[in-house]
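Here is the structure we will look at.
It should be emphasised that the depicted structure is a prediction, and the values quoted were computed from it without experimental measurement.
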Amino acid sequence: GKIITLSENSSPIQYLLKFHENLSNGMQLQPFVGSEAVFHFLCLLCSKVAYNQEDYSTRTRIAIERMENDFSKLEGINTLAEDFGISLSHFTREFTKETGSNPLKYLTKIRMQNAMELLRNTELSVNEIALKCGFSCGNYFSKAFKNNTQLTPYQFRNERN
């Protein structure tokens with residue numbers, strides 16, 4: 001089969017490192033959370049294989065890497081377009097053509113995945129999670145979360161316990 005190589009900054013490796021760090025810092029695993037973490041890791045790994053980023057342009061690969069690594073600090077996709085020196089509409093068109101997803105949805109998906117992880121495994125407030133995941137405030141985060149999961153952050157957290 002195909003042998004893949006992942007950089008240290010890739011999302012599957014970063015996920016494993018963050019999970020290990022959380023465990024080392026005393027995070028307690030609730031029943032089934034370990035298997036859930038393995039499943040999430042495998043999903044990240046499969047997405048790397050299924051959406052072979054080697055087929056993407058350098059600009060799209062850099063944008064994806066920035067989104068995965070800096071999702072909490074990115075002020076939006078317009079920042080990426082500006083960094084590349086191209087218009088937002090051109091960046092969106094190029095990114096969508098290559099990945100099948102527009103960059104704002106891609107960034108939101110990354111933020112939501114991280115928010116779900118924090119809701120499952122921490123006692124941080126919704127506002128703290130919002131800020132850690134790159135949202136401007138807890139209220140906006142709650143609306144975006146509900147649009148993406150059909151649950152409020154509180155419902156999501158309570159369903160997992």
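Among all heavy-atom pairs drawn from Leu44 and Gln113, the shortest one is CD2-OE1, 4.3 Å. Closest approach of Ile110 to Glu68, counting heavy atoms only: CD1-CG, 3.7 Å. Scanning all heavy atoms of the two residues, the minimum distance from Asn121 to Met27 falls at CB-SD, 3.7 Å. Minimum heavy-atom separation, Lys146 to Thr152: CD-CG2, 4.1 Å. Across Val126 and Phe141, no two heavy atoms sit closer than the pair CG1-CD2, 3.6 Å. A pairwise comparison of heavy atoms in Leu74 and Met67 identifies CD1-CA, 3.9 Å as the closest pair.
How far CG of Leu118 is from CZ of Arg157: 8.5 Å, rounded to the nearest 0.5 Å. The CZ atom of Phe19 sits 7.0 Å away from atom CD of Glu117, with the distance rounded to the nearest 0.5 Å. Note: Lys109 NZ to Leu104 CG = 13.0 Å, rounded to the nearest 0.5 Å. Rounding to the nearest 0.5 Å gives a distance of 7.0 Å between CG of Leu151 and CZ of Phe145. Between Lys18 atom NZ and Asn114 atom CG the span is 6.0 Å, to the nearest 0.5 Å. Note: Phe91 CZ to Asp83 CG = 9.5 Å, rounded to the nearest 0.5 Å.
Residues Thr99 and Ile64 have side chains in contact (heavy-atom distance under 4.5 Å, counting atoms from C-beta outward). Contact annotation: the side chain of Leu29 approaches that of Leu23 to within less than 4.5 Å [non-hydrogen atoms, C-beta and beyond]. Side-chain contact between Ile129 and Pro153: absent, with no pair of heavy atoms (C-beta onward) separated by less than 4.5 Å. The closest side-chain heavy-atom distance from Thr149 to Met116 is below 4.5 Å.
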Which atom pairs, donor and acceptor, lie under 3.5 Å between side-chain atoms of residues 131-139 and protein residues at least two apart or in another chain?
none

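For His90, the NE2 atom is densely surrounded, since the number of other residues' heavy atoms within 6.0 Å is greater than 12.
Between the Gln14 side chain and the Glu8 main chain, a donor and an acceptor come within less than 3.5 Å of each other. For Asn102 (side chain) and Lys105 (main-chain N/O), a donor-acceptor pair under 3.5 Å exists by modelled atom type. Side-chain N or O atoms of Glu98 include one that pairs as donor or acceptor with a backbone N or O of Ser57 at under 3.5 Å.
Between Lys97 and Glu94 there is no salt bridge, since no side-chain nitrogen of the basic residue lies less than 4.0 Å from a carboxylate oxygen of the acidic one.
Using bins of under 30°, 30° to 60° and over 60° for the plane-to-plane angle, the ring pair Phe95/Tyr106 lands in the perpendicular bin.
Leu16 and Phe39 are members of different hydrophobic clusters when ILVMFWY side chains are connected at heavy-atom separations under 4.5 Å.
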